[in-house]
Amino acid sequence: MKPLVIIISAGLTLSCGAVGSPVAPEHVGVAVTIEKQKRQHALETEREEGKSIGVDPSLEEHDLDLPPSHPVGTR
């Protein structure tokens with residue numbers, strides 16, 4: 001019985017604490033997430049502007065009549 005108690009208490013003692021390596025506080029929090037989202041948004045707008053500049057001039061003359069998009073099914 002005594003060895004079982006020692007094994008269980010040793011297991012519980014070793015299992016306490018944080019899992020993994022420590023994370024620097026500069027990489028955690030709401031401010032960091034907002035900055036990442038701003039950078040991602042800026043990159044997306046740059047990509048969109050770059051694509052709109054590189055549009056083929058021959059396609060600008062044509063007007064494509066596409067069917068209206070309607071939801072197929074809603075629940």
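From a predicted model like this one, the values you see are computed outputs, not experimental measurements.
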**Q** Applying the side chain to side chain contact (heavy atoms under 4.5 Å, CB included) test to Gln40, which of Lys36, Lys38, Glu44 qualifies?
**A**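 Filter result, single survivor: Glu44.
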
**Q** If you measure from CG on Leu43 to CZ on Arg39, what distance do you get to the nearest 0.5 Å?
**A**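 With rounding to 0.5 Å, CG (Leu43) is 9.0 Å from CZ (Arg39).
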
**Q** What is the minimum heavy-atom distance between Gly29 and Thr33, and which atoms define it?
**A**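 Taking every non-hydrogen atom into account, O-OG1, 3.0 Å.
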
